[in-house]
Number of protein chains: 2
Amino acid sequence: MSVQPNLGLLCFFPYRALEGRVLAALAEAGFDDMTLAQGRIAARIGERGTRLTELAEQAQVTKQTAGFLVDQLERAGYVRRLPDPTDGRARLVCFAERGRAAVAVARRVEAAVEAEWTAHLGEESARALRESLTRLREVTDPWR
Amino acid sequence: MSVQPNLGLLCFFPYRALEGRVLAALAEAGFDDMTLAQGRIAARIGERGTRLTELAEQAQVTKQTAGFLVDQLERAGYVRRLPDPTDGRARLVCFAERGRAAVAVARRVEAAVEAEWTAHLGEESARALRESLTRLREVTDPWR
DNA sequence: TGACGATGGTCAGCTTATCTGACGAGACTG
DNA sequence: CAGTCTCGTCAGATAAGCTGACCATCGTCA
């Protein structure tokens with residue numbers, strides 16, 4: 001590891017820390033059957049449901065892998081697959097009750113962690129950090 | 001995905017982008033047998049060599065997994081295991097010639113990507129971003 | 001309007017990455 | 001120097017990923 005880590009690596013530490021905290025909190029709250037890979041797929045499901053292909057693209061895995069993970073999420077009661085009214089081939093992966101409950105836990109932890117980080121950095125730096133990262137997303141996230 | 005992604009998720013996009021660019025450049029340069037998991041271990045090898053246990057801790061995998069990946073890196077000629085002069089049980093995972101060549105490629109890409117990002121954000125914002133992330137590391141990276 | 005290429009998803013089979021548990025050899029500590 | 005801890009490996013199981021092949025439906029354009 002270099003003396004002065006590059007920006008990408010510096011981004012990695014907070015990301016991994018948050019992911020770990022959320023997963024731990026989920027496990028603590030009784031959602032202890034959700035794995036990291038499942039969570040990464042679930043985190044990309046929109047409020048009105050998301051197609052499998054889209055989940056796969058955003059998570060950067062093949063649609064087969066995404067399907068495999070959604071199968072598990074479905075069996076565990078986190079999501080359901082509903083027919084897409086606008087396309088007979090497609091189905092929308094939507095949160096079920098249990099999934100919504102898990103999302104609520106995740107959101108709470110995210111907010112708590114963010115508050116800790118803001119306290120550590122100071123309001124103004126945290127605001128600037130968020131803004132820079134949002135702008136960086138324009139050139140690093142192929143999905144808008 | 002929320003309308004306003006949390007800080008952790010915002011950190012994820014640049015991280016993944018950089019990782020992808022580095023891996024692609026390595027493949028292009030003839031290091032096309034290195035996988036993402038191997039790269040994540042290799043990225044943590046220090047100049048004077050690093051113990052397997054330490055690699056495992058920093059990459060947050062078990063030492064068995066780290067050993068498995070180092071085996072492959074060794075077979076591919078990227079690293080060697082040398083006895084640790086200070087501890088008869090331990091061995092130091094060190095870069096071999098091929099590994100050093102790959103690191104040089106990775107460093108070049110990292111610098112190029114960072115330059116792109118700095119151009120996108122502006123000098124001052126990029127500097128502030130690096131500083132905030134470095135401070136955030138204090139509370140998100142258990143390995144300082 | 002109907003043939004055809006593109007798209008959404010699944011099935012099958014394989015490889016890679018990861019874990020838990022057990023263990024032996026060497027180091028450390030009282 | 002006995003007991004205990006640490007470093008690494010072996011063995012076996014499981015999770016997570018890939019490629020290739022395939023079918024049904026959509027959309028387009030001749």
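Letters A, B, ... are given to chains in the order of the sequence lines, protein chains preceding strands, and every chain is numbered from 1. In this text the structure is predicted, and so the values were computed from the model without any measurement.
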Between [N] atom [atom2] and [X] atom [atom1], what is the distance in whole Å?
{"X": "D71(A)", "N": "dT10(C)", "atom1": "CG", "atom2": "P", "answer": "7 Å"}
{"X": "F68(A)", "N": "dT15(C)", "atom1": "CZ", "atom2": "C1'", "answer": "14 Å"}
{"X": "R91(A)", "N": "dG8(C)", "atom1": "CZ", "atom2": "C1'", "answer": "11 Å"}
{"X": "Q72(B)", "N": "dT15(C)", "atom1": "CD", "atom2": "P", "answer": "14 Å"}
{"X": "I41(B)", "N": "dT18(C)", "atom1": "CD1", "atom2": "C1'", "answer": "11 Å"}

| note | Its 5'-most and 3'-most nucleotides having an atom under 4.0 Å from a non-hydrogen atom of chain A, DNA chain D is contacted over dA16(D) to dC26(D)
| Excluding sequence neighbours, so at least two apart, what forms side-chain hydrogen bond (donor to acceptor under 3.5 Å, both in side chains) with T65(A)? | T62(A)
| request: Report the residues that fulfil side-chain contact (heavy atoms from CB on, under 4.5 Å) with R75(A), sequence neighbours left out, ordered by chain and then residue number. | output: D71(A), Q72(A)
| message | Tell me the bend of the helix from dT1(C)-dA30(D) to dG30(C)-dC1(D) as the angle between end helix axes, each from five pairs, rounded to the nearest 10 degrees. | response | 30°
| request: Supply the members, apart from L82(A), of the Ile/Leu/Val/Met/Phe/Trp/Tyr cluster built from side-chain contacts under 4.5 Å; use none for a lone residue. | output: none
| task | List, by chain and then residue number, the residues other than L92(B) in its hydrophobic cluster (Ile/Leu/Val/Met/Phe/Trp/Tyr, side-chain heavy atoms under 4.5 Å); write none if there are no others. | result | none
| Contact list for residues 12-26 of chain A, test salt bridge (Lys or Arg N to Asp or Glu O under 4.0 Å), sequence neighbours left out | E19(A)-R40(A), R21(A)-E116(A)
| said: Heavy-atom nearest nucleotide on DNA chain D for L36(A) versus E57(B): which residue maps closer to 5'? | reply: E57(B)
For [X], all residues meeting salt bridge (Lys or Arg N to Asp or Glu O under 4.0 Å), sequence neighbours excluded:
{"X": "R127(A)", "value": "E124(A), E131(A)"}
{"X": "E123(B)", "value": "none"}
{"X": "R98(B)", "value": "D33(B)"}

| remark: For nucleotides 19-30 of chain C, 5' to 3', base contacts (B), sugar-phosphate-only contacts (S) and non-contacts (-) with protein non-hydrogen atoms under 4.0 Å give BBB---BBS---
| message | Among residues 25-34 of chain A, which ones have heavy-atom contacts with DNA chain D below 4.0 Å? | response | none
| query | To the nearest 0.5 Å, what is the distance between CZ (R135(B)) and CG (L10(A))? | reply | 13.5 Å
| said: Donor-acceptor pair, distance only, cut-off 3.5 Å: does the side chain of E114(B) make one with the backbone of L7(A)? | reply: yes
